[in-house]
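A short worksheet on the structure shown next.
Every number for a ligand or one of its atoms is a count from 1 in the order of the listing.
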Amino acid sequence: MSKKAWAGRFTESNSPLFEKMNRSLGFDIKMFKEDIELNTAYSKELSRIGILSAKDYQTIVAGLAELEKEIEEKGIEIFPDDTEDIHMGIESLLAEKIGDVAKKIHAGKSRNDQVATDVRMYVYNQVKKVIDELCDLLAALLKLAEDNQDAVMPGFTHLRQAQPVLFSHYIMSFFFSMSRDVERFSGSLDRISTLPLGSAALAGSAYPINRENLRKDLDFTRISCNSMDGVLSRDFLLETLSNISILSITLSRLAEDFILFSSEQYGFFDLSDKVTTGSSIMPNKKNPDSLELTRGKTGRVIGNMTGLFVTLKGLPSTYNKDLQEDKEAVFDSLETIIDLLQVTTILIDTMKINKERMNSSIDSLSFATELADYLAKNGLPFREAHHIVGRIVLDMVNQKKTLTSLSENDLLGYSEHFKNIGDDWGDIEKFLAKRELPGGTGRNAVKQELKEATLFLEHWS
Ligand code: ARG
């Protein structure tokens, strides 16, 4: 017959097939430290209210500490084969170690509030790690932008050349996008750090435990206000999975750009050997696998998020075993995003840029707006100016001439409003100097961006 802790009312054992399906130890073992920390704090409360003697409490704390080291060393091996989950596993290993007194630690708690608490502790620590890794990546981007402030490159819309930009402006676009991810993850921390322990199965513990003591010992920000919500709520996981998905989309967009920009056709960037691979047949190949995997894993991360939304949709109130499905998705997404952040940081730290190539790739037609702006600033309605310049562009394309080769004299042939434009109207420095408003690609405006970014990192790191 089953030795399971809950099997008092059972006369038959579980089917081995169901047992396998029911078992979560394979993945919830990741939370062994959190479960031990929880049991340690909870036992202290039990001793305070007299359920455990001071001596029992000491024995339990020492036993749990030993167990933590053993699980750290040996992993899943030390658990009996029929262990259902980490909570049952720790309780039964503790009983093996210190005897029957271990059986007292579950008084007044349920695995429902226990698992909800463990997951919150685990996710909180991992989200903090995500924020740290994210700040490292932001620092790498900032350094790349600072070290290459002189470089210019074509800017694209619709993946067609639009207008030139400073390379540092381009790189900082990723910085500012991901600075919002730092804020999003940080903003979620207090919601994650809401303690359900004390909710018991669903109705609240029948023991006079002090949840405020537990909150302090377990380092939570606040306690949940409703036991039914306490055991059920997983919106903090949806929020974390959504935040991870949003961040992964930015990393994937960066990856897509960099795959293109490091290709032979563009030749803007060189990726280091640390993050590229060769081909098993073509000796010439250096493939951007790290970037492709970043793009690819984004699909998986979004899949994890979607999966949990579907799992939670339509669940009846409070704990249902469906909730056991939350962990693999969240653990996987957290690990994946941390890997992606670390590898992207290495890629940014070690890449080289080809300034010559970026500069010479700027298409002279991408200065067309300068001409239209000049006419508009000289009194022509912008739409009319746009039309005139459109004709000039068409002529240049037909005559296979570069737009910026047109002198003031040539331009006056199209409109008298080009008067005093000068022959160097298509100079890149002139282009940049006109864009010094905050957020523009002017050299000083970008210096200001770099300053803002430095302050941001000082605040968050
Ligand atoms: N392994 C379970 C989970 O991850 C723990 C909670 C089980 N609770 C229960 N009432 N069977 O959700």
Quiz item: For ligand 1, which atoms, with element, lie under 4.0 Å from some heavy atom of Asn112?
Solution: 8 (N), 9 (C), 10 (N)

Quiz item: What part of Lys327 sits under 4.0 Å from ligand 1 if we count only heavy atoms: the side chain, the backbone, both or neither?
Solution: side chain

Quiz item: Which protein non-hydrogen atom lies closest to atom 2 (C) of ligand 1, naming both residue and atom, and how far is it?
Solution: Gln324 OE1, 3.2 Å

Quiz item: So is His87 polar-close to ligand 1, meaning N/O to N/O under 3.5 Å?
Solution: no

Quiz item: Does NZ or CZ of Arg435 fall inside the cone over Phe431's six-membered ring, less than 6.0 Å from its centre and within 45° of the axis?
Solution: yes

Practice problem: Among all protein heavy atoms, pick the one closest to atom 6 (C) of ligand 1 and tell me residue, atom and distance. | Solution: Tyr319 OH, 3.4 Å

Self-check item: Salt bridge Glu19-Lys4, side-chain N to carboxylate O under 4.0 Å
Solution: yes

Quiz item: So with a 6.0 Å cut-off around NZ of Lys128, is the heavy-atom count from everything else above 12?
Solution: no

Exercise. Could you check atom 11 (N) of ligand 1 against the protein and tell me its nearest heavy-atom contact, residue, atom and distance included?
Key: Arg111 NH2, 3.5 Å

Self-check item: Ion pair check, Lys129 and Asp132, cut-off under 4.0 Å
Solution: no

Exercise. Taking the six-membered ring for Trp and the single ring otherwise, decide whether the centroids of Phe456 and Phe176 are under 6.0 Å apart.
Key: no

Quiz item: In terms of side-chain heavy atoms, does Asp136 have a donor or acceptor partner in Thr345 at a distance below 3.5 Å?
Solution: no

Quiz item: Which ligand 1 atoms does Ser24 reach within 4.0 Å, using its non-hydrogen atoms?
Solution: 1 (N)

Practice problem: Give the atoms of ligand 1, by number and element, whose distance to some non-hydrogen atom of Asp85 is under 4.0 Å. | Solution: 1 (N), 2 (C), 5 (C)

